[in-house]
Amino acid sequence: QVQLVESGGGSVQGGDSLRLSCIASGFRRTPSMAWFRQVPGKEREGLAAFEQFGTPVYASSVQGRFTISKDIAKNTIYLQMTDLKPEDTAMYYCAGTDLNLKRAELMLEARYPYWGQGTQVTVSS
C-alpha cells in the first residue's frame, strides 16, 4: 500500500537546474526519506537524506549543489539540483522507511524498503 512517485526529471544542459519531487502515501508513520541515483552497470548512490533531529546529510559529490527539502502537509520531498554536470546523468530514486534511522544509516540503500519508480536526469555538456 506504500507508494512513492517521483517526477521532475528531464534533459538539460550543463549548469542548468532541476527540481525533483516525490509524493509519499500509505505510510503508517511519518517516514524517513532520501534520494539516491544509479547509472546502468554501477551501484546505487545515496545523495541526500533527512537526519531525524538535525540537518540533512549529503554525499560529497553533490554537497553545495543539491538541496533536499520537504512539505509535510503535501507528503512530498524535493531535491533541488543546481549547476548540473554531465556526471549527474542517472536515474534518480526516492526512498522511504517508516522506521527512524540513525545518522550513520541515512545513506544506506539497504535501510530503505520502499522505492519509487525513478525519474531520468540527463545532462549534456
Side-chain angles (χ1 to χ4, degrees):
Q1 192 170 1
V2 170
Q3 186 174 6
L4 301 174
V5 180
E6 305 103 327
S7 63
S11 298
V12 299
Q13 298 286 331
D16 286 352
S17 299
L18 281 174
R19 188 180 74 162
L20 306 183
S21 300
C22 175
I23 301 175
S25 62
F27 284 95
R28 294 177 296 178
R29 302 173 58 201
T30 300
S32 295
M33 306 288 289
W35 287 97
F36 288 74
R37 69 184 179 190
Q38 187 170 28
V39 176
K42 298 183 179 180
E43 296 182 355
R44 193 164 295 185
E45 175 189 16
L47 302 176
F50 290 108
E51 186 178 13
Q52 293 299 309
F53 302 105
T55 58
V57 174
Y58 295 96
S60 60
S61 59
V62 303
Q63 180 71 48
R65 296 190 298 121
F66 291 10
T67 301
I68 188 171
S69 61
K70 59 184 176 183
D71 186 329
I72 297 176
K74 296 181 178 180
N75 295 314
T76 301
I77 66 166
Y78 305 92
L79 185 66
Q80 180 66 50
M81 306 183 293
T82 62
D83 192 26
L84 285 163
K85 307 176 184 299
E87 51 263 42
D88 294 319
T89 296
M91 184 71 73
Y92 284 70
Y93 296 93
C94 175
T97 177
D98 56 5
L99 299 177
N100 291 328
L101 300 181
K102 300 176 181 178
R103 181 177 178 86
E105 301 175 313
L106 291 172
M107 301 286 249
L108 300 179
E109 178 182 358
R111 296 300 294 149
Y112 294 93
Y114 305 109
W115 295 83
Q117 81 288 348
T119 184
Q120 178 69 37
V121 172
T122 301
V123 185
S124 63
S125 60

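From a predicted model like this one, the values you see are computed outputs, not experimental measurements. All residue numbers in this chain count up from 1 along the given sequence. What you see below is based on every heavy atom in this structure, not just the backbone, and it leaves out hydrogens, waters and symmetry mates.
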Criterion side chain to side chain contact (heavy atoms under 4.5 Å, CB included) on Gln120 and Thr89, from CA distance to verdict = CA-CA 8 Å; Gln120 178 69 37; Thr89 296; 4.0 Å; yes

From the list Arg111, Arg28, Arg29, salt bridge (Lys or Arg N to Asp or Glu O under 4.0 Å) partner of Asp98 resolves to Arg28

Could you pull out the closest heavy-atom pair between Ala59 and Gly46, with the gap in Å?
-> CB-O, 3.3 Å

Less than 6.0 Å separating the ring centroids of Phe36 and Trp115?
-> yes

ring-ring contact (aromatic ring centres under 6.0 Å, His included) partners of residues 69-100, not counting sequence neighbours, each pair once = none

Does the side chain to side chain contact (heavy atoms under 4.5 Å, CB included) test come out yes or no for Glu109 and Glu43, once each step is laid out?
-> CA-CA 10 Å; Glu109 178 182 358; Glu43 296 182 355; over 6 Å; no

Ser61 and Glu45: which non-hydrogen atoms are nearest, and at how many Å?
-> OG-OE2, 2.9 Å

Enumerate donor-acceptor pairs with a distance under 3.5 Å from any side-chain N or O in residues 8-27 to protein atoms, sequence neighbours excluded.
from  : atom 1 : to     : atom 2 : distance (Å)
Gln13 : OE1    : Ser124 : OG     : 3.2
Gln13 : NE2    : Ser124 : OG     : 3.3
Asp16 : OD2    : Gln13  : N      : 3.1

Over 12 foreign heavy atoms within 6.0 Å of NZ, Lys74 = no

Smallest separation among heavy atoms of Gly96 and Pro113, with atom names | O-CD, 3.4 Å

For Gln38 and Ala90, indicate whether the former's side chain and the latter's backbone hold a donor-acceptor pair under 3.5 Å.
-> no

Would you indicate whether the side-chain heavy atoms of Thr119 and Ser7 approach each other to under 4.5 Å?
-> no

Reported CZ-to-CG distance for the pair Arg44 and Leu108, which is rounded to 0.5 angstrom = 13.5 Å

Interatomic distance, CD@Gln3 vs SG@Cys94, rounded to 0.5 Å, equals 11.0 Å

Exam field: side chain Gln117 to backbone Val5, donor-acceptor pair closer than 3.5 Å | no

Point-to-point distance, once rounded to the nearest 0.5 Å, from CE of Met107 to CG of Leu101 = 12.0 Å

Does the side chain of Val39 reach to within under 4.5 Å of the side chain of Arg37, using non-hydrogen atoms?
-> no

Start with the C-alpha gap between Asp88 and Met81, add the side-chain angles, then the distance that decides, and say whether side chain to side chain contact (heavy atoms under 4.5 Å, CB included) holds.
-> CA-CA 10 Å; Asp88 294 319; Met81 306 183 293; over 6 Å; no

Donor-acceptor pair, Tyr112 side chain versus Leu106 backbone, under 3.5 Å?
-> yes

Write down the atom of Leu84, the atom of Arg65, and the distance for their closest heavy-atom approach.
-> CA-NH1, 3.9 Å

Closest approach of Ile68 and Tyr58, non-hydrogen atoms and distance?
-> N-OH, 2.9 Å

